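So the structure is just underneath, and the comments pick up after that.
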Amino acid sequence: MTDYILGIDGGGTSCRAAVARPDGIILGRGKSGAANILTDPNNAIISITEAAKAAYRDAGLDEAGVNGATAFLGLAGTNVGDLTRYVHDRLPFRRTAIDSDGLIALQGAIGDEDGAVAILGTGSIYMGRKDGTVRYIGGWGFTVGDLGGGARLGHALLQEALLAHDGVHPRSRVTDAVIKEFKHDPRGIVEFARLSKPGDFGRFAPLLFDHARQGDAQAIAIVKTGATAVNESLDAIMALAGAPRLCLLGGLAPLYPQWLSEKHRSILVEAEADALTGAVALAAKGYKERQGAAA
C-alpha cells in the first residue's frame, strides 16, 4: 500500500488541501469551505475532510484513502481555547499534526531558514524563526488584538466617518465615500457595525489605503496609526528572528510597505512559496522523522 501525505491550509474563508508523495511531490489539490476551529469547529472538521477528499480525487486516487494519510494541518484559531484536540480526534487521517496557519505560512515563505513573516490581512500575526525555534507575536483576534489588521482599519474608518458626519472631525473624500455607501444615513453604519464580523470591517481597508495614497488626510492618519502598530510588532519579532529577512503575507501585504519604517522595508523578501506548500513540506518532514525513528 502506497503512503501519501496531506498538507492542509485551513482559514476563516476557505480550506485548501494537497495530497503528495512522502517526498513532498504534490499529486493533487482540493478546496472547500471555511475551517476556523475557533468560530465553528464542527464545520471546520467537515471542510478539512472535504478538501482532503477533493485533493485525492484531483490526483486520481480513491478518496477513501484519506483514512491512511499522514496529515499536517495549519489552521486558524489554534492559539485560543482547547479546540485543537477536539478537532484532532475527529479527523479521519491515520496520523494528524495540527499547528497554526501562521506556521505553514512561515514555512512556505522562507523554508527552513531563519527570518520572520508578518501576515497582514483581516487580522495580524507575526512569526520569527531562530535556530529552528519559532516564536509568535499577535494573532489575538479583533476584540483585543490584530492591531494594524484590515478589520481594525475598517472599523476605525467607520468611526471616522461618523465623527465627520457629526462635525467633530473634518470631512474628507474617504469619509464622504463611506457615508455615500450607506446612502447618507449614519444609522446604516451603526446597524452594519452591530451585525458585522471582522471580515466585514476588513473590506473597507483597501478603500482606506487607496485614499491615503491620494493624500486624503483622514485616511493617512488612520493608516499611519495602523502602520505604527505594525512597525512596533515588527521591531519585536525581528529581535527574535535569527536573520534580517522579512516577508509580508496576506491581503494587505502589497499595501503596507510604503508606510513602514525604512529598516523594515530594507529587509523585505519575496515569499518562496505559499502556505499550502509549507503545510506539505511540514507533512513530509514529519513523515520522514517518523520513518527514521521506526528504522
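Given the structure is predicted, the values throughout are model-derived calculations rather than measurements.
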For residues 58-77, which side-chain N or O atoms pair as donor and acceptor with protein atoms under 3.5 Å away, sequence neighbours left out?
unit_1: D58; atom_1: OD2; unit_2: R29; atom_2: N; d: 2.8
unit_1: D62; atom_1: OD1; unit_2: A64; atom_2: N; d: 3.0
unit_1: E63; atom_1: OE1; unit_2: R57; atom_2: NH1; d: 2.6
unit_1: N67; atom_1: ND2; unit_2: A64; atom_2: O; d: 3.1

Side chains of residues 227-243: which donor-acceptor partners sit under 3.5 Å, not counting sequence neighbours?
unit_1: T228; atom_1: OG1; unit_2: K224; atom_2: O; d: 2.9
unit_1: N231; atom_1: OD1; unit_2: S261; atom_2: N; d: 3.1
unit_1: N231; atom_1: OD1; unit_2: S261; atom_2: OG; d: 3.4
unit_1: N231; atom_1: ND2; unit_2: A227; atom_2: O; d: 3.2
unit_1: S233; atom_1: OG; unit_2: A229; atom_2: O; d: 3.4
unit_1: D235; atom_1: OD1; unit_2: K263; atom_2: NZ; d: 3.0
unit_1: D235; atom_1: OD1; unit_2: H264; atom_2: NE2; d: 2.9

Would you tabulate the side-chain donor-acceptor contacts of residues 203-210 under 3.5 Å, counting partners in other chains and residues two or more places apart, or write 'none'?
unit_1: R203; atom_1: NH1; unit_2: E181; atom_2: OE2; d: 3.0
unit_1: R203; atom_1: NH2; unit_2: E181; atom_2: OE2; d: 3.0
unit_1: D210; atom_1: OD1; unit_2: R213; atom_2: NH2; d: 3.2
unit_1: D210; atom_1: OD1; unit_2: Q214; atom_2: NE2; d: 3.4
unit_1: D210; atom_1: OD2; unit_2: Q214; atom_2: NE2; d: 3.1

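For D40, there are no side chain to side chain donor-acceptor pair (under 3.5 Å) partners, not counting sequence neighbours. Not counting sequence neighbours, D131 has no partner by the side chain to side chain donor-acceptor pair (under 3.5 Å) test. Residues forming a side chain to side chain donor-acceptor pair (under 3.5 Å) with E270 (at least two apart in sequence, or on another chain): none. When the salt bridge (charged side-chain N to carboxylate O under 4.0 Å, His left out) test is applied to D101, no partner is found at least two apart in sequence or on another chain. Here R173 pairs with nothing under the salt bridge (charged side-chain N to carboxylate O under 4.0 Å, His left out) rule; sequence neighbours left out. When the salt bridge (charged side-chain N to carboxylate O under 4.0 Å, His left out) test is applied to R21, the partners found at least two apart in sequence or on another chain are D23. By the side chain to side chain donor-acceptor pair (under 3.5 Å) test, E50 is found to be paired with no residue, residues two or more places apart in sequence or in another chain being considered. Residues satisfying the ring pair (Phe, Tyr, Trp, His ring centres under 6.0 Å) test with F142, not counting sequence neighbours, are H155, F201. Looking at residues two or more places apart in sequence or on another chain, you find no ring pair (Phe, Tyr, Trp, His ring centres under 6.0 Å) involving Y56.
Checking side-chain atoms of H165 against main-chain N and O of I179 turns up no donor-acceptor pair under 3.5 Å.
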Item to complete: Please lay out, stage by stage, how D89 and R85 fare under the test salt bridge (charged side-chain N to carboxylate O under 4.0 Å, His left out).
Response: CA-CA 6 Å; D89 292 346; R85 175 54 58 180; 3.1 Å; yes
Practice prompt. Check step by step if side-chain hydrogen bond (donor to acceptor under 3.5 Å, both in side chains) holds for E160 and H169.
Written response: CA-CA 8 Å; E160 189 64 28; H169 287 179; 2.8 Å; yes
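Looking at Q107 and D112, their side chains come closer than 4.5 Å, going by heavy atoms from C-beta outward.
Using a 4.0 Å cut-off between charged side-chain N and carboxylate O, R94 and D3 make a salt bridge.
What you find for L38 and L83 is that their closest heavy atoms are CA-CD1, 3.7 Å.
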